[in-house]
2 protein chains.
Amino acid sequence: MKRTINLKGTAKELAQQLSEESCKKTIVIFGFCKAIFDGRIKSFLPGGDRLLIVKKDESLILHGSKGVKPLNWQKSGAGKINYSAKGSTLVVSTFRPKTKETLEILFTRVYQTTTFDDHDSATLNIFGSESDLSDYLFDHPEIIGPDFQPTTREYETPFGFIDLRGVDKHGNIIIVEVKKQSATPADAHQLKRYVDYFQDVEKVSVRGVLVAAGFSEKVLSLLRTYDFKPVVVFWQEIFPSKATLNMSHTLDDFYNNNPK
Amino acid sequence: MKRTINLKGTAKELAQQLSEESCKKTIVIFGFCKAIFDGRIKSFLPGGDRLLIVKKDESLILHGSKGVKPLNWQKSGAGKINYSAKGSTLVVSTFRPKTKETLEILFTRVYQTTTFDDHDSATLNIFGSESDLSDYLFDHPEIIGPDFQPTTREYETPFGFIDLRGVDKHGNIIIVEVKKQSATPADAHQLKRYVDYFQDVEKVSVRGVLVAAGFSEKVLSLLRTYDFKPVVVFWQEIFPSKATLNMSHTLDDFYNNNPK
DNA sequence: CGTGCCAGGTGCCCT
DNA sequence: AGGGCACTTGGCACG
């Protein structure tokens with residue numbers, strides 16, 4: 001049985017076939033279209049050649065000729081997708097009741113319509129997230145400082161979750177905010193929020209540490225103002241070995257597993 | 001001349017044809033593949049039916065059967081895309097020199113390979129951004145408060161740009177932070193930093209106002225702590241008329257323009 | 001080119 | 001269902 005089928009017919013016939021295949025197969029349309037979106041914002045897209053994907057979960061993605069980000073889209077579960085014909089124009093439209101958002105895509109030319117009977121039960125496995133970095137720092141506290149003793153991961157406060165909490169040898173609380181990327185001013189402010197919480201509410205001496213891949217001059221200046229310590233961590237150079245370790249059993253599947 | 005062409009052949013022949021078409025046409029592959037990504041993060045994706053898009057600008061998008069977000073991707077300009085064959089397996093691989101990121105996609109089955117000779121010079125037109133909302137509030141200060149007198153848009157401080165600045169009838173400075181969506185704790189704190197800046201540096205009395213589509217209890221509690229005023233704005237109900245006005249000349253094109 | 005920041009952000013996990 | 005937040009965030013505008 002063929003996995004992909006290329007549909008033929010007039011706009012009306014296509015609309016009919018697509019309505020039947022909807023939610024059963026992935027639908028891909030190559031064509032010339034305009035699109036108009038109205039909801040949280042208004043956007044309109046003049047005519048051009050586009051690639052439309054409609055998945056079985058009713059997520060809709062309209063791609064132009066450039067870039068990773070779609071021109072227009074609709075999330076899964078947002079609302080029903082309708083296929084209809086206005087003369088020779090194939091109309092794909094969605095309506096999201098909750099937010100009263102509408103998306104209308106008008107194909108004045110359809111070059112190719114493909115249905116894809118895809119089966120995929122696999123899930124993407126990821127290692128190297130911020131959470132993994134926090135775990136790593138918990139196990140390697142000397143990276144934060146010579147006298148850092150971690151106590152808690154994911155500590156909740158009314159101001160948010162603290163990535164890593166610990167003490168120094170004097171018993172001072174140390175709050176660590178962990179970022180995988182370069183630090184932003186918002187990161188420094190976020191840490192300030194946590195430190196303020198402990199100083200105001202728990203009436204104790206608190207030191208703030210911001211871990212990141214890099215620090216701009218602006219952020220460094222902020223950290224000096226708040227008397228926080230920046231710690232540069234080259235996470236990309238640290239995690240591969242650990243990643244390979246953690247993922248080895250699954251990676252083994254990956255390299256040895258043959259498709260059914 | 002046909003806009004879409006479906007290629008045939010062995011993995012080796014496909015790799016050869018795709019190498020030639022690369023950057024000239026959009027390439028779409030329907031197939032069964034695994035993928036492994038190594039860079040800022042490590043990810044691997046077990047076998048499944050997938051849809052691969054490679055655009056002319058060398059942005060690469062690998063879609064699974066669900067969701068708007070791709071499973072794996074590569075940004076335009078990141079690095080060269082290579083097509084090769086390992087036995088009957090079609091291998092699409094990318095290398096991003098700057099971050100030493102690699103993505104390898106192994107198609108053990110190719111159901112269909114389509115090239116799309118797409119032409120698109122149009123750009124997406126949008127109205128309703130946060131900037132538009134700030135403009136609107138500048139023109140309708142009564143929404144902020146009965147005695148709010150706006151003075152400056154996009155006022156720069158060492159802590160960042162202030163969306164809207166003004167005074168009340170007593171001459172107190174009012175700092176307005178504008179968010180189109182529901183307010184987050186970070187938004188409240190961002191405003192706090194601005195207000196602190198003016199009170200510390202300019203030694204004046206400052207009131208803070210946070211404009212957003214909605215406020216959670218947590219954020220409201222924060223605002224009470226800081227003595228800031230929340231203002232709910234139903235931007236979605238305000239902007240359509242303005243949007244239509246601003247976009248009318250282009251919308252006219254949109255509705256009347258026929259495809260070439 | 002880096003830095004900062006908005007986005008129709010999306011997705012994930014939590015209550 | 002709604003909040004809080006990370007993200008290979010992406011993309012843009014600006015110094």
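Proteins get letters first, then strands, A, B, ... in listed order; numbering begins at 1 in each.
- Spacing between atom CZ of A:R96 and atom C1' of C:dT10 amounts to 11 Å, rounded to whole angstrom units.
- The pair B:R50-A:D118 fails the salt-bridge criterion, with no side-chain N (NZ, NE, NH1 or NH2) lying under 4.0 Å from an Asp/Glu carboxylate O.
- Ionic pairing of A:R224 and A:E217 is present here: one or more N-O contacts between side-chain nitrogen and carboxylate oxygen are shorter than 4.0 angstrom.
- Residue B:K66 places its NZ atom among 12 or fewer non-hydrogen atoms of other residues, nucleotides or ligands, all under 6.0 Å distant.
- In this entry the distance linking CG of B:L124 with C1' of C:dC6 reads 15 Å, nearest Å.
- A distance of about 22 Å separates the P atoms of C:dG8 and D:dC5, rounded to the whole Å.
- Contact annotation: A:R40 reaches the phosphate of C:dG9 (side-chain N/O to OP1 or OP2, under 4.0 Å).
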Determine, stepwise, if the pair A:K55 / B:V68 fulfils side chain to side chain contact (heavy atoms under 4.5 Å, CB included).
CA-CA 9 Å; A:K55 298 186 180 181; B:V68 170; over 6 Å; no
Tell me, for nucleotides 1-6 of chain D in 5' to 3' order, what letter each nucleotide earns: B for a base near a protein heavy atom under 4.0 Å, S for only sugar-phosphate near one, - for neither?
SSSSSS
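- Atom CG in B:N125 sits about 16 Å away from atom C1' in D:dC12, given to the nearest Å.
- B:K56 NZ: more than 12 foreign heavy atoms inside a 6.0 Å radius.
- Within residues 68-77 of chain A, the residues having any heavy atom closer than 4.0 Å to DNA chain D are, in order of number, A:V68, A:K69.
- The stretch residues 52-66 of chain A does not touch DNA chain D, since none of its heavy atoms comes less than 4.0 Å from the strand.
- Contact of the A:K179 side chain with the A:Q190 side chain is registered, since non-hydrogen atoms from C-beta on lie closer than 4.5 Å.
- Residues meeting the salt bridge (Lys or Arg N to Asp or Glu O under 4.0 Å) test with A:E58, sequence neighbours left out: A:K80.
- By the salt bridge (Lys or Arg N to Asp or Glu O under 4.0 Å) test, A:D163 pairs with no residue at all, sequence neighbours left out.
- For B:I162 and C:dC6, the CD1 to P distance is 13 Å, given to the nearest whole Å.
- Listed by chain and residue number, B:F198 satisfy the ring pair (Phe, Tyr, Trp, His ring centres under 6.0 Å) test with B:Y155 (two or more places apart in sequence, or in another chain).
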As a quick check of understanding, evaluate side chain to side chain contact (heavy atoms under 4.5 Å, CB included) for B:L52 and B:V28, giving each step before the final call.
CA-CA 6 Å; B:L52 175 67; B:V28 179; over 6 Å; no
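- Rounded to whole Å, the separation between the C1' atoms of C:dC5 and C:dG9 comes to 13 Å.
- Between A:D196 and A:R193, no side-chain nitrogen of the basic residue sits less than 4.0 Å from a carboxylate oxygen of the acidic one, so the salt-bridge criterion is not met.
- In this structure, CD1 of B:I126 is placed 15 Å from P of C:dC6, rounded to the nearest angstrom.
- Whole-Å rounding puts the B:Q181 CD to C:dG11 C1' distance at 14 Å.
- The interatomic distance linking B:I36 (CD1) with D:dT8 (C1') rounds to 14 Å, in whole Å.
- The separation between B:L133 atom CG and C:dC5 atom P is 18 Å, rounded to whole Å.
- Rounded to whole Å, the P atom of D:dT8 lies 23 Å from the corresponding atom of D:dG4.
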List the steps, then state whether side-chain hydrogen bond (donor to acceptor under 3.5 Å, both in side chains) holds for A:S59 with A:D57.
CA-CA 6 Å; A:S59 40; A:D57 63 357; 2.5 Å; yes
